Q: 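Before I ask anything, let me first share the structure, which is written out below as structure tokens.
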Amino acid sequence: MDKPRYKYLDKIDSPADLKKLSIEELYVLCDEIRDMLIKTISKNGGHLSPNLGTVELTVAMHYVYDLPKDSIVWDVGHQSYTHKILTGRRDKMSTIRKKDGLSGFPKRSESKYDAFNVGHSSTSISAAYGISRAKALKGDSSRTIAVIGDGALTGGLAYEGLNNAGRSPKNFTIILNDNKMSISKNVGSMAKYLTQIRIRPGYIKTKKVVEKILLHTPLVGTPIRKLLLHSKSKLRTSVYRNTIFEDLGFVYYGPVDGHDLRKLIHALNASKNVTQGVLIHVITTKGKGYSYAENDPKSYHGVGSFDIDTGEPLSSKKGYSARFGEIMCSLAEKDEKICAITAAMKSGTGLGSFSRKYKERFFDVGIAEGHAVTFAAGMAAQGMIPVFAVYSSFLQRSYDELIHDAAAQKLHIVLGVDRAGIVGEDGETHQGVFDVAMLYPIPCATVYSPCYFDELKADLDRAIYHDDGIAAVRYPRGGEPPRPEGFRPGALFTTYGSGEDAVLITYGRLFAHAAQALSVLKDKGVDITVLKLERIRPIPEEAVETAAAFKRVYFFEEGMEHGGVGESFFMALRDQGFTGSYELTGIKDKFVAQATVEQTLEELGIDCTGMVNKLTWN
């Protein structure tokens, strides 16, 4: 198929080229960008709805601001594809989210136009404010812009940033991209507050009218205006009807139609003349321009490859998240103490059905993982059984709460750790490779790592009813791997095969690779046993005793070597008096780049081929 030719987009190699176009031409450019986005994401997968919703906003920012001298910091960054297209990376968009290709998120090493690496939520205001203050210290008068969604505004770090950046000097701008959603529908008081602002669009107009009247009132008008502007009294609030953002020290513009280029450009230009920090409230439609995504932005937030004409995914294999949600519904039906908690990931963690069937026992706390853990601990203190479903990489943001609020009080909370292990194309910020090393030092924590759906069910039952304190069940992204013939799960550890040459130890989905490696090695004349750990913390004593009987022990881990299960297993072997050889293969001292799961496991040497190569000896 010939490469599509675009009238304007093919001529845009930098924001400077964009500035040569008229407003009418910019609208055509936006249509061309949406066409490229839909075609690219339909093949590579990625974040569709967020990017379609911010096309005009991104074009307007690159039209008004002087990049890269001015700095744009994206929150989460999953809406930055248009930014990449306009900053010299258009011809590389076919590589986005692929191995050695463009990242699906802003990356400083990728382009001078990417001011800050990002992938998780609610960081933009703090980062941008830091950049702004550093510029001021260096005498740099360029602008710094934080682009944050209303979903990310549910995260606590955003409020810490707002609190510190309030009444900041000029050249600092926050753009609030309000599309009424994060991934799921937004929750909480801020969502309701933004709705109130949206339904009073005459806010700025009213404010200007009041000021105009006062300025044209002889003798007393100007003094009254100054009094109102600098007063913290109820009188000012009643006249101006201030927003929370103004009370924090920002000049507020909005709401602005985020798909009207003229209004956007006018607002951005006007904000450049303000002598203090500015917040521009922009209203956008998530999924704009692609009917399937516009009508169902939640389902099309993050997608795999799909058919453009029908909107249907090209792969629909049931994954662990969906099975987790089914199990939770089954458990909640029998036990009224079971509650489910999610941090703005109701659909992503498979809890959609639970939220409908058990509405009173379902809690979406927004993008606030730390709050979710402490909230769960509070529920546990009252005898409930809270289950917090959270992606592995997002659990990182709740570490203090896990230790201080849950573990130290010996409160029983259950963690459903989704996307554990390698996740693939989302890259460094989303790989679930730290949760084991993070949970391992916490006293009395229990961690399970199932490979198959029936093990997931058994482990959730154990975590809920047979363990105390923090009990985590971690499971990977995607579908169930092949099950070897004759394998019977159920115990805290299982041996498969009966070889005497060596023992290969692993856990989670790597067991499927290990079982395959056992078969390949047998054909090569190497006879091994595979030891599969189901409970990885604490390690079952019998599993250590079993492994100690072998002269060669090989441990393969889909996680960090330092602080992981493999290191602890070796220490346990040593305590048993083990004198044989022990070799650990996991992720060494590095972050794991984007690629498919299969490519990454192969590169790390922890797939079937890597295991066979490691265990083949003369």
Side-chain angles (χ1 to χ4, degrees), residues 3-41 47 50-75 77-96 102-108 110-116 124 128 141-147 171 173-175 177 253 256-273 278 280 282 284-285 288-289:
K3 178 183 176 182
R5 303 301 301 174
Y6 297 110
K7 183 176 181 180
Y8 298 112
L9 184 54
D10 285 348
K11 301 174 185 177
I12 305 296
D13 294 316
S14 73
D17 297 323
L18 186 74
K19 298 175 189 294
K20 301 173 185 176
L21 301 181
S22 67
I23 300 296
E24 289 72 21
E25 290 170 332
L26 289 179
Y27 274 110
V28 178
L29 175 67
C30 289
D31 291 337
E32 294 178 348
I33 290 171
R34 281 197 171 87
D35 183 75
M36 173 175 273
L37 288 173
I38 293 168
K39 287 177 178 175
T40 299
I41 298 172
H47 292 92
N51 283 292
L52 292 177
T54 54
V55 173
E56 286 85 2
L57 173 59
T58 309
V59 168
M61 287 193 297
H62 288 68
Y63 187 80
V64 170
Y65 296 121
D66 183 16
L67 272 67
K69 185 178 180 181
D70 291 335
S71 306
I72 295 178
V73 178
W74 300 89
D75 208 287
H78 59 350
Q79 77 284 54
S80 65
Y81 290 16
T82 300
H83 165 76
K84 290 175 183 275
I85 291 171
L86 298 176
T87 53
R89 288 167 276 184
R90 179 191 69 246
D91 292 339
K92 295 181 180 179
M93 284 301 292
S94 62
T95 72
I96 198 164
L102 292 179
S103 170
F105 300 90
K107 205 168 186 179
R108 294 171 64 218
E110 186 178 289
S111 171
K112 63 183 180 181
Y113 293 97
D114 292 358
F116 200 78
S124 62
S141 61
S142 64
R143 298 200 68 84
T144 305
I145 304 97
V147 184
N171 299 332
T173 300
I174 297 172
I175 296 177
N177 172 34
Y253 282 83
V256 180
D257 183 345
H259 302 294
D260 187 324
L261 281 169
R262 285 184 175 83
K263 290 181 179 178
L264 282 170
I265 291 170
H266 175 74
L268 295 176
N269 276 321
S271 71
K272 293 167 70 174
N273 298 318
V278 178
I280 304 174
V282 177
T284 62
T285 299
K288 179 76 172 178

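Keep in mind that the numbers below use all heavy atoms, side chains included, and drop hydrogens, waters and symmetry copies. Since this is a predicted model, take the numbers as computed values, not measurements. Starting from 1, each residue takes its place in the sequence as its number.
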Q: Using the salt bridge (Lys or Arg N to Asp or Glu O under 4.0 Å) criterion, which residues pair with Glu110? Sequence neighbours excluded.
A: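 For Glu110, the residues satisfying salt bridge (Lys or Arg N to Asp or Glu O under 4.0 Å) (neighbours in sequence not counted) are Lys84, Arg89.
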
Q: For side chain to side chain contact (heavy atoms under 4.5 Å, CB included), just list the numbers for Leu18 and Leu29, CA-CA rounded to whole Å, side-chain angles, deciding distance to a tenth of an Å, and then say yes or no.
A: CA-CA 9 Å; Leu18 186 74; Leu29 175 67; 3.1 Å; yes

Q: Do the ring centers of His266 and Tyr253 come within less than 6.0 Å of each other?
A: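 No, the ring of His266 stays outside the 6.0 Å limit from the ring of Tyr253, centre to centre.
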
Q: I'd like to know if the side chain of Arg90 and the backbone of Ile12 have a donor-acceptor N/O pair within less than 3.5 Å.
A: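 Looks like yes, one N/O pair under 3.5 Å.
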
Q: Can you give each donor-acceptor pair under 3.5 Å made by side-chain atoms of residues 258-265, sequence neighbours left out, with the distance rounded to 0.1 Å?
A:
residue	atom	partner	partner atom	Å
His259	ND1	Glu56	OE1	2.9
His259	NE2	Thr285	N	2.8
Asp260	OD1	Arg262	N	3.1
Asp260	OD1	Lys263	N	3.2
Arg262	NH2	Glu24	OE2	2.5

Q: Taking only residues two or more places apart in sequence or in another chain, which ones pass salt bridge (Lys or Arg N to Asp or Glu O under 4.0 Å) with Lys20?
A: Asp17

Q: Kindly give the heavy-atom pair with the smallest separation between Thr40 and Met93, and that separation in Å.
A: CG2-O, 3.3 Å

Q: Ignoring hydrogens and angles, tell me if any N or O in the side chain of Gln79 forms a donor-acceptor pair with the backbone of Thr54 under 3.5 Å.
A: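 Answer holds: no.
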
Q: Would you give me the side-chain donor-acceptor pairs under 3.5 Å for residues 60-68, sequence neighbours excluded?
A:
residue	atom	partner	partner atom	Å
His62	ND1	Thr58	O	2.7
His62	NE2	His83	ND1	2.9

Q: In chain order, what residues pass the side-chain hydrogen bond (donor to acceptor under 3.5 Å, both in side chains) check against Asn171, with sequence neighbours excluded?
A: Arg143

Q: According to side-chain contact (heavy atoms from CB on, under 4.5 Å), who are the partners of Ser94, at least two apart in sequence or on a separate chain?
A: none

Q: Within the side chain of Asp75, is there an N or O that forms a donor-acceptor pair under 3.5 Å with the backbone of Ser124?
A: yes

Q: Spell out, as yes or no, whether a donor-acceptor pair under 3.5 Å connects the side chain of Thr284 to the backbone of Asn177.
A: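 A pair under 3.5 Å: no.
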
